[in-house]
Amino acid sequence: MAEEKELRYDPAAIEPKWQQRWAADPKLYAADAADSGKPKYYVLEMLPYPSGQLHMGHVRNYAIGDALARHMWMRGYNVLHPMGWDAFGLPAENAAIKNNTPPREWTLSNIAAMKRQFGRLGMGFDWATEVTTCLPDYYRWNQWFFLRMHERGLVYRKKSKVNWCPECATVLANEQVVDGRCWRHEDTIVEQRDLEQWFFRITAYAQELLDGLDKLEGWPEKVRTMQRNWIGRSEGAEVDFFLAEDAVNAQNEDGSPRVIPAGRRIRVFTTRVDTIFGATSVQLAPEHPLVKDLAANDSGLATQVAQLLDEQKKAREAGDVGEIEKHGVPTGHFALNPYNGERIPIWVANYILADYGTGAIMSVPGHDARDFEFAKKYAIAIRRVIAPAASSAEEPELPFLSEDGVLVNSGEFNGLTCHQAQQRLAEIAKEKGIGEATVTFRLKDWGVSRQRYWGTPIPMIHCERDGIVPVPDDQLPVILPEQIAITQQGGSPLSRVPEFVNVTCPKCGGPARRETDTMDTFVDSSWYFYRYTDAKNSTQPFDPAKAQHWFPIDQYIGGVEHAILHLIYSRFWTKVMRDLGLITNDEPVRRLFTQGMVIKDGAKMSKSKGNVVSPDDMVAQYGADATRMYALFAAPPDRDLDWQEDGVAGVSRFLGRVYRLAMKYAPVARTAGAANAEPSGLSLKLLRKLHQTIAKITLDFEGRWHFNTCVAAIMEMVNEIQAADAQLAAGEVPAPVLRELLTMLVLQIAPFAPYMAAELWEELGGEGAVLRAPWPKSNPQLTREDELEIPVQINGKLVNVVRVPAGSAPEIVQAAALADEKVQSRIAGKIVAKVIVVPGKAVNLVIR
RNA sequence: GCGAAAGUGGCGGAAUUGGCAGACGCACCAGACUUAGGAUCUGGCGGGGAAACCCAUGAGGGUUCGAGUCCCUCCUUUCGCACCA
């Protein structure tokens with residue numbers, strides 16, 4: 001009775017004990033500062049927002065990263081595995097309004113709570129390098145970077161249409177608008193407002209950000225594609241059409257090529273300048289400046305244009321711009337094609353966007369699907385100007401969209417291929433000063449102003465005399481005032497704090513106003529991982545030598561929802577820091593892993609669905625080891641994981657079996673010496689399983705990361721050892737073998753169930769921390785079976801398996817297969833036409 | 001509409017290069033032990049069939065001695081992009 005009680009696995013006793021011991025050893029999870037020649041490994045999981053509660057998605061994310069970190073420690077790497085808090089942001093302000101708690105207090109107490117959760121989960125983070133982005137020792141460097149970028153012309157201020165979320169009561173970056181809605185408020189339609197805003201000139205790096213993607217081979221293709229789409233490079237040309245009414249002597253009688261007429265120009269952007277002879281109208285965006293001109297004396301037109309604009313806006317807000325029904329109105333004015341002087345009508349259309357390209361297009365219905373649709377609807381001329389390259393008998397139907405063709409009906413350019421014509425026509429445009437080849441990006445500059453309180457103050461001052469004046473470096477940080485009233489009134493809360501707003505101008509010493517916008521919180525997370533390498537530095541953001549040592553990050557792990565926002569901003573920031581001479585790497589992250597979501601009952605966990613599982617509850621009931629191990633066992637890490645509590649119970653039962661098995665034989669194993677005989681029989685069988693398991697898990701850590709099958713493999717091994725319990729109890733396996741089996745089992749469990757591993761490592765007499773023990777090496781002698789089971793097929797259908805010695809010659813395998821009784825009875829009276837022997841794999845008899 | 005990934009028992013999932021489909025776990029069934037306990041241990045568990053065997057990886061074709069895996073067509077789900085000129 002008493003004995004059985006001792007053998008009960010009780011995580012509630014084991015885990016707190018080790019948690020205390022680990023907390024008392026700050027060096028345990030610290031990177032080796034002396035860096036004694038070990039190769040470095042920087043493994044990082046995306047830092048959480050301190051909401052106050054870890055959720056299962058966090059547990060999964062950090063269980064993956066922690067397993068990898070622990071494995072790398074055991075492999076002898078100098079591992080940097082830090083953690084921090086993305087601590088600025090709106091929820092703190094909302095909580096302040098709701099509970100009348102200062103955001104700082106709310107945030108810091110949340111951090112304390114989540115840090116406890118991390119501790120309880122046994123996550124191996126080096127808290128000495130903790131970064132909390134809402135503290136001045138961090139955000140001052142946001143300001144410092146802002147000033148450096150300002151000096152380099154990478155920060156600017158402009159009045160522009162911005163995305164405004166009424167719910168957040170602030171501006172959003174383009175990246176934070178999803179289908180016309182706020183990324184945090186799916187039900188809130190984003191409005192457009194005109195505001196003076198600060199921008200980061202991310203477009204200056206558009207091309208490099210795009211090119212760099214090709215080299216990021218360690219990134220999921222999906223993420224690279226998303227970034228490529230987001231950057232949205234398109235090559236084309238801008239060409240000027242002319243307002244016909246301005247042209248002097250615009251029409252040649254004989255239709256010969258024209259002198260370029262003077263007058264108002266309508267610059268269009270096109271990716272298919274080779275089709276310009278097929279342009280049968282010019283289409284303007286409703287907000288195009290010329291439209292206002294043309295409608296000035298035409299109130300009918302003005303009304304119609306207003307309607308078109310309204311349709312466009314509605315479609316944008318509804319997020320279905322692609323579904324809008326195309327409408328347009330003719331202006332009654334005409335444009336001249338700069339290449340042949342052709343007079344074509346100018347229209348205004350609701351599908352032309354003012355903020356892409358030049359806000360005007362040439363419409364070529366013969367070779368563009370949208371233009372075709374539009375021309376059909378309004379009976380505008382449709383003309384073929386491209387023919388297929390191979391002169392096939394039949395002319396393909398219009399619209400003919402391929403760029404694989406030659407020009408026809410295009411005057412002197414007939415016969416050129418599309419690509420030749422694109423080049424040639426752009427050259428001519430350049431020579432004549434009517435256009436040029438251009439590259440257009442969809443990526444827009446990053447608007448970073450937020451009319452909110454809980455963020456990094458923008459270090460700028462508005463002086464009536466000197467205009468905008470940067471805060472001098474020696475006045476950094478601009479401290480966010482902490483005792484202020486936060487209410488839900490419009491505008492930035494900071495603008496109502498006179499002590500903050502009223503300053504003296506650093507230039508003239510006169511009275512001035514401090515900028516009251518704060519920075520987008522994505523600024524904080526754009527470079528936090530550099531700070532980890534030198535988190536306490538008070539004279540610079542980090543020591544370049546330290547960053548140089550650790551960067552790039554070897555493995556970054558997080559959710560795919562950051563594929564655009566965070567991951568493109570941090571790539572941008574890295575390039576800026578490189579150009580500032582702080583670092584030498586071009587990219588922050590070598591390998592990126594995006595784990596799947598945690599779902600329950602087929603849906604993402606959410607309060608509204610009532611399917612949230614609390615990590616605390618799981619840990620309280622089954623322990624941290626079981627919770628973490630289940631998070632790795634239930635699905636491969638890149639797939640969505642369906643949380644089933646019965647599964648956690650199953651893993652917990654498994655850990656109980658491991659515990660009892662190890663504890664039962666620890667007294668024997670602990671004192672065992674070295675093996676003195678070649679293993680055979682049961683010993684050999686068990687050692688074989690052990691070493692095959694080591695080989696499998698080691699391989700998985702090196703890239704495939706199917707930790708679910710790693711856990712399954714350990715289960716198989718434990719099952720096999722346990723099945724031999726009677727023989728073990730009878731002493732059939734020598735103590736040294738038992739010792740090897742158990743210690744190596746414990747070492748393999750260590751990345752997945754650190755508490756259990758620590759406890760059993762100690763019970764087995766292991767030296768020091770299990771984390772510092774070398775990862776087991778599989779012995780190739782032992783991973784190899786000496787007898788193989790070979791399936792025997794007849795016409796591809798399995799009939800039986802035969803056992804043959806490993807490495808048998810094909811003839812031997814064939815003979816064994818043919819000798820098999822079952823096979824014999826099946827081939828009796830038939831002709832064996834062919835025998836295929838795949839060494840080590842299969843035998844197939846083809847019979848007739 | 002375009003692009004990508006996925007589709008395997010009652011459920012989560014396994015099968016790394018084409019070679020024994022369903023490892024491992026859950027649920028369930030039966031049994032053992034037992035102060036009847038949400039503990040532990042043993043066995044069973046895709047479908048049909050008494051069995052021999054047959055059928056089965058979303059559907060249909062194909063390649064191959066052999067296909068969950070490769071190719072084609074289609075269906076479904078998820079994700080990304082979508083008047084970007």
Side-chain angles (χ1 to χ4, degrees), chain A residues 1 4 7-9 179 220-223 225-230 232-234 236 268-272 275 283 285 312 315 319-326 349-353 355-364 368-371 373-374 440-442 560-561 563-564 596-597 630 633-636 638-651 653-654 656-657 660 696 699-700 703-704 706 708-716 718-719 722-723 725 789-801 825 833-838 840-847:
Chain A
M1 246 345 248
E4 272 181 31
L7 283 178
R8 208 170 71 88
Y9 165 53
D179 290 340
E221 193 50 51
K222 179 191 169 81
V223 173
T225 304
M226 284 168 74
Q227 293 209 357
R228 270 188 207 106
N229 287 339
W230 187 259
R233 182 192 148 103
S234 87
V268 304
F269 172 65
T270 175
T271 55
R272 292 296 305 277
T275 63
Q283 301 284 343
Q312 187 177 87
D320 56 354
V321 188
E323 315 297 303
I324 191 177
E325 203 188 323
K326 291 181 184 55
N350 63 357
Y351 70 98
I352 308 299
L353 308 171
D355 57 3
Y356 185 80
T358 59
I361 65 154
M362 60 178 201
S363 181
V364 185
D368 180 283
R370 295 155 302 182
D371 295 346
E373 185 192 334
F374 193 87
T440 304
F441 291 95
R442 204 184 79 120
V560 74
E561 65 272 19
I564 306 289
M597 282 190 309
Y630 175 74
F633 175 63
D638 54 335
R639 294 245 293 259
D640 285 353
L641 182 157
D642 190 43
W643 194 270
Q644 299 185 354
E645 192 172 329
D646 286 334
V648 189
V651 171
R653 279 198 287 274
F654 164 70
R657 289 211 302 279
R660 286 189 299 275
K696 187 249 179 306
L699 188 65
D700 251 301
R704 206 174 70 133
H706 281 199
N708 55 330
T709 62
C710 291
V711 174
I714 295 172
M715 287 173 169
E716 278 186 59
V718 170
N719 290 348
Q722 207 181 12
D725 187 48
E789 281 192 341
I790 304 292
V792 181
Q793 303 167 323
I794 290 180
N795 291 345
K797 292 218 179 277
L798 179 73
V799 172
N800 208 353
V801 290
S825 71
K834 201 172 169 189
V835 180
I836 290 127
V837 180
V838 186
K841 286 278 172 65
V843 178
N844 191 16
L845 310 173
V846 185
I847 65 169

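Lettering of chains follows the sequences in order, A, B, ..., and the numbering in each one begins at 1. Side chains are part of it too, since the values below use all heavy atoms of this structure and drop only hydrogens, waters and symmetry mates.
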Worksheet entry | Sequence-aligned protein contact record of nucleotides 1-15 of chain B, with B where the base is within under 4.0 Å of a protein heavy atom and S where only the sugar-phosphate is | ----------SBSSS

Worksheet entry | By side chain to side chain donor-acceptor pair (under 3.5 Å) - contacts of A:Arg657 (at least two apart) | A:Asn719, A:Gln722

Item to complete: Output all residues satisfying ring-ring contact (aromatic ring centres under 6.0 Å, His included) with A:Phe269, sequence neighbours left out; order by chain, then residue number.
Response: none

Fill in: Set of side chain to side chain donor-acceptor pair (under 3.5 Å) partners for A:Asn795, sequence neighbours left out
none

Practice prompt. Using the test salt bridge (Lys or Arg N to Asp or Glu O under 4.0 Å), find all partners of A:Asp640 that sit at least two apart in sequence or belong to another chain.
Written response: none

Item to complete: With sequence neighbours left out, write down each residue that passes salt bridge (Lys or Arg N to Asp or Glu O under 4.0 Å) with A:Asp371, or none if nothing qualifies.
Response: none

Fill in: Residues in salt bridge (Lys or Arg N to Asp or Glu O under 4.0 Å) contact with A:Asp638, at least two apart in sequence or another chain
none

Discussion item. Anti or syn, where syn is a glycosidic angle within 90° of 0; which label fits B:rG9?
Written reply: syn

Anything under 3.5 Å between a protein N or O and an N or O of nucleotides 37-46 of chain B, put it in a table, one pair a line.
unit_1: B:rC41; atom_1: OP1; unit_2: A:Gln722; atom_2: NE2; d: 3.3

Item to complete: For A:Asn795 and for A:Val711, locate the closest nucleotide of RNA chain B by heavy-atom distance; then report the residue assigned to the nucleotide nearer the 5' terminus.
Response: A:Val711

Fill in: All side chain to side chain donor-acceptor pair (under 3.5 Å) counterparts of A:Thr709, not counting sequence neighbours
A:Lys696

Discussion item. Taking Watson-Crick (N1-N3 plus N6-O4 or O6-N4) and G-U wobble (N1-O2, O6-N3), each under 3.5 Å, can you produce the dot-bracket string of RNA chain B? Use [ ] for crossing pairs and | for inter-strand ones.
Written reply: (((((((..(((......[....))).(((((.......))))).(((....)))..(((((..]....))))))))))))....

Fill in: Gap separating the CD1 atom of A:Ile790 from the CD atom of A:Gln793, nearest 0.5 angstrom
11.0 Å

Item to complete: Please identify each residue that fulfils side chain to side chain donor-acceptor pair (under 3.5 Å) with A:Ser234, with sequence neighbours left out.
Response: A:Tyr356

Item to complete: Please determine, for the side chain of A:Asn719, which listed nucleotide (B:rG25, B:rA85, B:rG80) has the closest atom?
Response: B:rG25

Discussion item. If the condition is salt bridge (Lys or Arg N to Asp or Glu O under 4.0 Å), which residues does A:Glu373 pass it with, not counting sequence neighbours?
Written reply: A:Lys326

